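In what follows, a single structure is set out as C-alpha cells and then discussed.
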Amino acid sequence: MPISFEGQVAIVTGAGNGLGRAYALELARRGAKVVVNDLGGERDGRGHSDAALAVVEEIRVAGGEAMADGGDVSDFAQMEAMVARTREAWGGVHVLINNAGILRDRTFAKMDPADFELVVRVHLLGSAFATKAVWETMREQRYGRVLMTTSSSGLGGNFGQANYGAAKAGVLGLARTLRMEGAKYDIRVNSIAPTAGTRMTADIFPDEAYNAFVPEAVVPAALFLVSKDAPSDAIVGAGGGVYQGAFITMNDGV
Ligand code: ADP
C-alpha cells in the first residue's frame, strides 16, 4: 500500500526550492495539508522571495491544500507564529521536515566567524526551534513525526565544511535526544543524510542528474521516515556520494 498522509498536516521548512519543494509536493499528492515554509523577502540573499508561494500554487493546481509561511527557522518566535497559524487553520501538526539550510563553504583557515555562526544558526538552532515550536502540539496529540536533515559532513566531516559539519553533527545529537523524550508520546524522530542530488550540490551536477536524484533517491526515504509506520532514531543516507566541499577545497588552496 502506498504511504498515505490523508487527514494529516505537514510542515516543511526551506520548501521553496530543491529537496524541500519535492517533499512538499509529494506530501500534498499523498493527501497532507502542507505548510510550505521558506524565507520571505530577500533575506536568503538568493532571490527566493516568491518561491514558497510558487510551490503553494503548484500544489493547489494539482488539487492539494497548502499555505506559505515566510518564517525564519533560526527565529523561535517566527516558528511559534507559524505553528499557531497552522493550528488555527488546520487544527494540528503531524509531520515536520526540517530541511531549511544554507551553505558558506570555505576552508577553516579562511572561514569568516560570522559564516560559522550563520550556518550553525540556520541548521542546528533552526532545526531545534522549528521542532520546539511543534513539540507541545505533538505531545498533546500523542502523535508526531519529525525528520532532521543531517549530512555525511556531520557524520564523517568534509573539506571546507567545518561550520556545516559541526551543525549537522549537532542535529544528530538533537535527534537522538528528542526521539527518547518523544517516545512516550509516539513522537518519532529520524534523520536523513542526502549526500548528493540536492540543490546545494547542483553546482557540480548537471541538471539531469540533479532532477533524477531528488525524486528517486531521497523523497521516498524521507516520506517513509515521517509516515505512520516510521521507525525512530534511524539515520538514512540517500542520494549518492559526491562532496561539494572537496571541490571548494581544491579551488580554495588548503
Ligand atoms: P536543498 O535542495 O538541499 O534543500 P536549497 O538551497 O534549494 O537546498 O534549499 C534550502 C532552502 O532553505 C532554500 O529555499 C532557502 O531559501 C531556505 N532557507 C535558508 N535559510 C532559511 C531560514 N533561515 N529559514 C527558512 N528557510 C531558509
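Since this is a predicted model, take the numbers as computed values, not measurements. Order of listing sets the numbers, starting from 1, for every ligand and every atom in it. Reckoned from all heavy atoms, side chains included, excluding hydrogens, waters and symmetry mates.
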Tell me every residue that passes side chain to side chain contact (heavy atoms under 4.5 Å, CB included) with R145, counting only those two or more places apart in sequence or in another chain. V95, Y143, D186, R188, V226, A230

G71 touching ligand 1 at heavy-atom level, < 4.0 angstrom: yes

Name all residues meeting the ring-ring contact (aromatic ring centres under 6.0 Å, His included) criterion together with F129; count only those two or more places apart in sequence or in a different chain, and write none if there are none. F76

Using a 3.5 Å cut-off on N or O atoms only, is N17 in polar contact with ligand 1? yes

Geometric cation-pi criterion R139 and Y185, 6.0 Å radius, 45° cone: yes

Taking it one step at a time, do N98 and T131 satisfy side-chain hydrogen bond (donor to acceptor under 3.5 Å, both in side chains)? CA-CA 8 Å; N98 287 301; T131 306; 3.1 Å; yes

Less than 4.0 Å is my threshold; does some heavy atom of D38 fall inside it relative to ligand 1? yes

Would you mind running through ligand 1 and noting each atom that sits below 4.0 Å from a heavy atom of N99? 4 (O)

A100 N/O under 3.5 Å from ligand 1 N/O: no

Applying a strict 4.0 Å limit to heavy atoms, is G101 in contact with ligand 1? yes

What atoms of ligand 1 come within less than 4.0 Å of a heavy atom belonging to D72? 22 (C), 23 (N), 24 (N)

When you look for heavy atoms under 4.0 Å from ligand 1, do you find them on the side chain of L19, its backbone, both, or neither? both

Residue portion contacting ligand 1 (non-hydrogen atoms closer than 4.0 Å) for T13: neither

Check this for me: does any side-chain nitrogen of one of R85 and D69 sit under 4.0 Å from a carboxylate oxygen of the other? yes

Can you see whether S74 engages D72 through a side-chain donor-acceptor pair at a distance of less than 3.5 angstrom? yes

Run the salt-bridge test on R87 and E140 with the 4.0 Å N-O cut-off and return the result as yes or no. yes

